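None of these values were measured; they are calculated from a predicted model. Labels below follow one simple rule: chain letters A, B, ... track the order of the sequence lines, proteins then strands, and each chain is numbered from 1.
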Amino acid sequence: MNILIVDDSRTIRNLLKNTLEGAGYTVCQAEDGMDALEKLSEFDPSIIITDLNMPRMNGFELVQKLRQQAKTKFIPILFLTTEGSPEVREKGREAGATGWLVKPFDATRLLNTIDRVSA
Amino acid sequence: MPKVLVFTTYDQEYAIDIGAVREIRNWVQATPIPSSPSFMEGIINIRGTVIPLVDFCKKINPSSDNGEKKAMVIIENGEKTVSFSVNNVSDIIDYDENSRKNLPDVSQGDVSTFLEGILSIEGRVIFILDIPNLIKECFH
Amino acid sequence: MNNYVETDDLESIRLIFFEECGEQLSLLEEELSSLDAATGPGEKINTIFRAVHSIKGGAGAFGMEKLVRFSHLFEAVLEKFRGGECTVDQAAIATFLKAADVLTDIVAFYRDGTDLSVQDDVVEELDRYINVPEALSKSPVSVEELPEDIEGISFTPIKIDLPKKEKFLLEITPRIGLYESGDDIRNILSFLEKKGEMEVEIHCDDLPNIEEFNVNKTYSTWNIVIFSNENKNSLEEIFEWSGDNIKVEFLEEKHVSCKLAGKIPNNFDKNKVDEFSGAQKPSRDSRKENPTIRVDTKRVDKLVDLLSELVINQGAIRSQMKVNDIRPGSALDIVISELDQLTHELQENVMAMRAHPIKTVFQRMGRIVRETSRVSGKDVILHLEGEDTEVDRSILEKLSDPLTHMVRNAIDHGLESTHLRVAAGKPAEGQLSLRAFHRSGRIIIEIEDDGAGLNCEKIHQKAISKGIINNSILMEKEEIQNLIFEPGFSTVENVSDLSGRGVGMDVVRKSISEIGGRISILTEEDKGTLFSISLPLTLAVVEGLIFRTQKQNFIVPVSGVVEAFLFQESKKFKISEDVWGYPYRDEYIPIINSENLTEKNKIETKNNSCLIIENEKKEKIALIVDEIIDQSRFVVKSIEKNYKKISGFSSATILGDGGVALIVDVDFLIESVSGKKNVRAAK
């Protein structure tokens with residue numbers, strides 16, 4: 001199964017990649033929202049995991065964009081961010097996110113959440 | 001069985017553990033280095049790397065000028081690569097540990113410091129070189 | 001399923017984290033230094049915020065508590081500026097810069113295990129922004145407690161019950177929003193299935209006829225019976241996120257209705273998001289346009305090595321062509337010439353891959369300036385120019401120390417104290433400029449201050465008292481200025497704790513010289529001093545003259561050659577026993593015969609040419625050679641790598657015929673004549 005991870009931190013991307021690849025997923029990385037849109041022209045993810053605060057295009061914008069595109073309209077999108085306030089989470093929900101995880105992530109929880117949003 | 005490379009210098013056969021030998025090449029004229037010992041032929045180019053070349057015959061016997069050098073043995077020792085010029089490389093032989101003897105206690109002067117032992121095979125007497133010590137002798 | 005990250009991988013990600021920290025810190029430094037009071041809550045603050053945020057995120061992942069705490073505090077302060085609650089002023093900028101320094105220190109603490117100095121004052125300064133009186137009612141962020149979102153408190157804690165199977169009855173009604181957020185009832189069902197044995201019943205009484213069917217509506221309700229080890233909380237959690245997008249009722253005896261998310265007020269401000277994202281564009285866009293890949297430097301170095309060999313091979317082809325009498329202009333010659341050109345371009349491009357903007361080093365100087373300024377009590381404004389000038393990595397690495405020292409020197413010794421400046425009619429703040437640019441195939445770095453300038457008389461006296469020079473010698477102004485590069489020289493009587501750290505300008509000159517650079521001074525009393533460093537573009541290739549002597553080839557770097565002309569034996573004259581002189585312009589300079597570079601029994605050859613070479617002190621000698629062959633670029637090969645350092649020669653190169661030629665160490669030759677070193681060449 002393919003997963004696209006979108007985060008401007010190389011550290012976080014690598015940690016995610018390591019955990020996900022260790023669990024047997026195929027991972028593609030993007031540095032921000034813009035990059036994610038580019039990567040999506042070549043990569044067909046089953047799930048997208050995205051950071052919130054990123055240069056060029058932030059997570060909210062990305063999710064809104066993706067929900068408008070036929071190809072990604074129904075792909076589960078998880079937010080993985082340091083922010084966890086109800087207000088921010090609600091914004092994410094409104095934008096169309098499928099789930100929310102708070103950094104630093106716990107591998108088990110991450111994999112569990114992925115499991116939850118993918119049949 | 002241990003494998004050694006055998007070469008001749010001064011009508012004496014010497015052996016080097018094959019593991020230390022990187023390659024054998026035809027002798028080339030080195031670029032001399034000023035203020036270096038007489039046995040230093042200079043520096044040569046081995047595939048883009050500059051390495052020192054020691055005249056093995058002169059190292060054994062400083063006063064000698066024993067004619068034609070035909071080959072260079074390139075040796076890897078730790079981080080460094082060095083080379084020795086010799087008269088002739090004869091062969092590579094496997095030997096039985098039993099045919100290897102310790103050096104006789106009689107001091108042989110300078111040479112003994114970089115000899116490890118003696119091989120006697122079919123009447124031949126071959127000196128086994130102690131490479132780390134030889135290199136220490138030449139380059140320090 | 002493998003839930004853990006391998007230790008090796010973790011270690012390598014740790015390294016990536018530190019590398020990234022470095023990048024974020026220099027970005028931070030860069031943005032902060034261009035920040036001014038006119039900066040509103042716009043893109044700059046955003047970029048700064050993000051840099052700190054990014055460090056915090058990674059630090060959290062590695063459990064670097066100190067780093068998390070401090071970056072969180074810093075971030076919280078920045079948030080105030082981002083949101084417009086606070087406005088940027090000089091004091092804020094100063095605090096930010098200090099905070100950035102502390103951040104750098106904490107990163108170094110985790111990376112290198114360096115000592116961590118006390119940062120209480122900075123923490124206090126930051127706290128002041130958070131604990132503003134009107135905000136006192138809000139819970140202040142204290143550095144003592146870990147921030148909530150870092151601990152992941154937003155997850156409801158799970159009670160662990162004894163593994164006892166319980167029966168749950170659920171009624172689930174998905175709304176269209178569930179599908180619109182990329183979820184699916186199938187996901188939920190298959191996930192629930194993993195929680196225990198399950199029975200599912202679908203109620204589709206509401207399903208309309210096909211012609212009335214609306215794809216934007218949901219019609220079905222699912223009744224589920226599940227026997228699970230999980231407790232109710234953990235089952236509820238499955239639906240938590242989906243909020244209103246799914247209606248879930250836990251039936252069972254108690255008929256608990258589950259309204260977990262409830263109605264969350266809609267305070268989503270669209271304008272704010274737009275401004276937020278739009279504002280981020282300008283600062284980073286230009287940089288992001290060219291996609292980059294990360295390559296191990298070893299691979300690039302290997303490429304450089306291979307190219308060197310290609311260049312050598314090219315030379316070999318050339319010499320073979322000569323041997324085989326292939327005329328210039330022949331078809332083969334043309335093809336080979338094109339190949340030469342391509343190789344040359346290839347080489348330049350590969351060299352460019354090793355190049356880095358000097359920015360990284362310059363930015364470090366920002367901190368040095370602040371520190372020095374603080375300790376010396378002199379206000380300094382640093383101006384940076386040409387930060388994007390690219391310098392070979394190997395040179396860049398060795399540039400930081402000498403520059404640091406020179407910057408400290410410029411502030412400590414160059415700039416006057418504030419009251420002296422004001423008295424002299426200068427602006428109270430000292431102006432320090434760092435510039436980098438290309439000039440005729442070399443990189444020039446300038447360090448200029450508008451201080452008092454070098455006092456020649458003082459330097460001269462000092463040098464005499466230190467025994468560096470003899471007072472009977474008459475010296476040119478320029479020569480006197482260059483005395484500051486002599487070992488053990490210091491012009492300030494009370495050695496301050498800044499530049500007087502046991503290293504002098506002699507060390508600076510030596511380290512610059514080691515990377516093939518030269519340093520010169522331009523100074524005017526009361527106006528200031530300009531140090532100019534000239535560096536080669538690369539250390540891998542040297543532009544040199546190849547000459548022949550005693551039938552042996554040598555290279556002398558063109559950077560050390562002033563002039564070359566025909567040698568006239570008759571003009572040479574004897575100075576003393578071993579020393580000969582030769583007229584050059586309006587002076588007489590000592591001669592070195594290049595045959596001394598060789599060891600062989602001398603053969604009778606004719607000295608045809610004379611090379612005037614000079615060192616960075618502008619001392620000149622005449623090097624007499626048999627024949628100058630050519631000027632070309634030579635690949636530098638280390639002799640020490642497999643042998644040892646040879647005095648008189650800096651390194652070697654490989655010629656077209658595969659032979660090795662020694663590259664002359666100009667400084668050493670000249671010093672040998674000045675009698676400072678007892679060299680063979682002087683015999």
What are the two closest non-hydrogen atoms of [X] and [Y], and how far apart are they?
X       : Y       : value
T31(B)  : Q552(C) : CG2-NE2, 3.4 Å
S638(C) : V50(B)  : O-CB, 3.9 Å
P34(B)  : I646(C) : O-CG2, 4.4 Å
E640(C) : K80(B)  : O-NZ, 3.2 Å

Open item on the list: Is Q29(B) in contact with chain C via its backbone, its side chain, both, or neither, using a 4.5 Å heavy-atom distance?
Closed with: neither
- [ ] Name the region of I44(B), side chain, backbone, both or neither, that has any atom closer than 4.5 Å to a heavy atom of chain C.
- [x] backbone
Open item on the list: If you define the side chain from C-beta out and look only at heavy atoms, does anything of Y643(C) sit under 4.5 Å from S36(B)?
Closed with: yes
Open item on the list: Taking T81(B)'s backbone N and O only, do any of them form a donor-acceptor pair with N642(C)'s side chain (distance below 3.5 Å, no angle check)?
Closed with: yes
[X], [atom1] atom: more than 12 neighbouring heavy atoms under 6.0 Å:
X       : atom1 : result
K302(C) : NZ    : no
K641(C) : NZ    : no
K644(C) : NZ    : yes

TODO: Under 4.5 Å, counting heavy-atom pairs only, tell me which of I43(B), N45(B), T49(B), V28(B) racks up the most with chain C.
DONE: N45(B)
